[in-house]
Asks: 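If you scroll down you'll find the structure; I have some questions about it.
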Protein chains: 2
Amino acid sequence: MDIRQVGALTFQLDFSQPLYEQILEQIRSALAKGEIGLGEKIPSVREMAHALKINPNTVMRAYKELERDGLTEKRRGQGTFVTTSEERVKTFRAELVKEYIDDFLNKMESLGYSWEDIEGYMQERGSRRKGSDLT
Amino acid sequence: MDIRQVGALTFQLDFSQPLYEQILEQIRSALAKGEIGLGEKIPSVREMAHALKINPNTVMRAYKELERDGLTEKRRGQGTFVTTSEERVKTFRAELVKEYIDDFLNKMESLGYSWEDIEGYMQERGSRRKGSDLT
DNA sequence: TAAGTGTATTAAGTGATATAATACACTTGA
DNA sequence: TCAAGTGTATTATATCACTTAATACACTTA
């Protein structure tokens with residue numbers, strides 16, 4: 001409930017999740033949506049920490065994970081930059097999509113819904129485009 | 001990685017999530033799938049704790065939440081019983097479904113996918129029924 | 001050389017989770 | 001009546017994830 005602009009990025013943090021995860025996800029999202037271009041610089045650890053009013057270590061933790069996923073490259077003395085590999089971004093996006101879908105289907109199955117139920121609901125929702133009637 | 005039978009229920013706990021949440025979800029799931037009938041007794045706090053080798057307080061925490069959701073009723077000296085209201089189970093199920101779907105759609109949108117993308121993928125997946133090609 | 005980068009370390013505080021031990025109120029059945 | 005089995009409550013303790021704080025170092029650029 002408190003939106004902050006940091007460079008080209010927009011952040012909205014709360015306490016429902018670890019801060020470093022929220023930063024991570026919101027940067028990933030910006031990347032996937034193309035809101036940050038390949039090779040572009042993202043805000044420095046210190047700048048980000050100051051703008052979001054959180055500790056630099058917390059920002060570091062998010063940045064480390066971005067690099068571990070191959071989405072960014074760090075250059076000492078210069079800053080952190082988005083990878084120049086469009087391939088890397090694409091495959092990472094695909095991995096996330098698979099994770100989200102599998103997760104969703106697992107949860108629905110835990111409620112006893114079959115694939116047909118879900119498919120049917122999606123079609124119906126597509127035409128109506130609001131609310132939920134699946135019971 | 002370690003399956004346990006407790007009465008009519010099956011549990012599989014790990015350390016990826018709080019224990020009380022896992023118990024909660026697995027009982028909900030059994031309820032939604034009709035694996036436990038309306039009005040049926042579920043294992044006592046002590047029995048459950050002993051069978052799962054965890055602390056009774058942890059089981060209590062899960063049971064409290066079940067009751068708060070109106071899914072169970074407790075009777076001192078007798079035990080904990082599933083609600084006799086089919087209506088209650090149905091609406092709770094519907095609430096969960098809505099939560100799962102909204103959550104899923106939010107995540108997909110955070111990756112920049114439109115409703116049409118998702119719908120198309122679901123249809124395609126429906127015919128193929130394995131793997132993921134959405135990139 | 002100064003200012004801005006990423007990086008590393010050590011210390012501390014907080015809150016959620018889980019365990020342990022114990023006690024009390026209630027219900028049932030022998 | 002009473003023992004055994006229920007749910008419930010309390011207090012204390014331990015651990016871990018997360019976050020902050022304070023510092024220091026290596027590197028790059030202007």
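To find a chain, count down the sequence lines: A is the first, B the second, and so on, and within it residues start at 1. Worth saying up front: this structure is predicted, and the values here are computed from it rather than measured.
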Asks: Can you check the H50(A) NE2 to dA21(D) P distance for me, whole Å?
Replies: 12 Å
Asks: Ignoring hydrogens, what is the shortest heavy-atom contact between L111(B) and R93(A)? Give both atom names and the distance.
Replies: O-NH1, 2.5 Å
Asks: Look at the side-chain heavy atoms of Ile, Leu, Val, Met, Phe, Trp and Tyr, link any pair under 4.5 Å apart, and say whether Y63(B) and V6(B) land in one connected group.
Replies: yes
Asks: Assess whether atom CD of Q5(B) is packed by more than 12 heavy atoms of other residues, nucleotides or ligands within 6.0 Å.
Replies: yes
Asks: Rounded to whole Å, please give me the gap between CD in E65(B) and C1' in dA16(C).
Replies: 14 Å
Asks: To the nearest angstrom, how far is F15(A) atom CZ from dA16(C) atom C1'?
Replies: 15 Å
Asks: Taking atom P of dT17(C) as reference, at what distance in whole Å does atom CG of L13(B) sit?
Replies: 15 Å
Asks: Do you reckon L24(A) sits in the same ILVMFWY cluster as L13(A), going by side-chain contacts under 4.5 Å, direct or chained?
Replies: yes
Asks: Between the main-chain N or O of L71(B) and the side-chain N or O of D69(B), is there a donor-acceptor pair closer than 3.5 Å?
Replies: no
Asks: Decide whether a cation-pi geometry holds between R28(A) and F92(A); the criteria are a distance under 6.0 Å from NZ or CZ to the six-membered ring centre and an angle within 45° of the ring axis.
Replies: no
Asks: Return a single string for nucleotides 7-20 of chain D, one symbol per nucleotide in 5' to 3' order, where B is base contact, S is sugar-phosphate-only contact and - is none, cutoff 4.0 angstrom on heavy atoms.
Replies: BB-B-------SSB
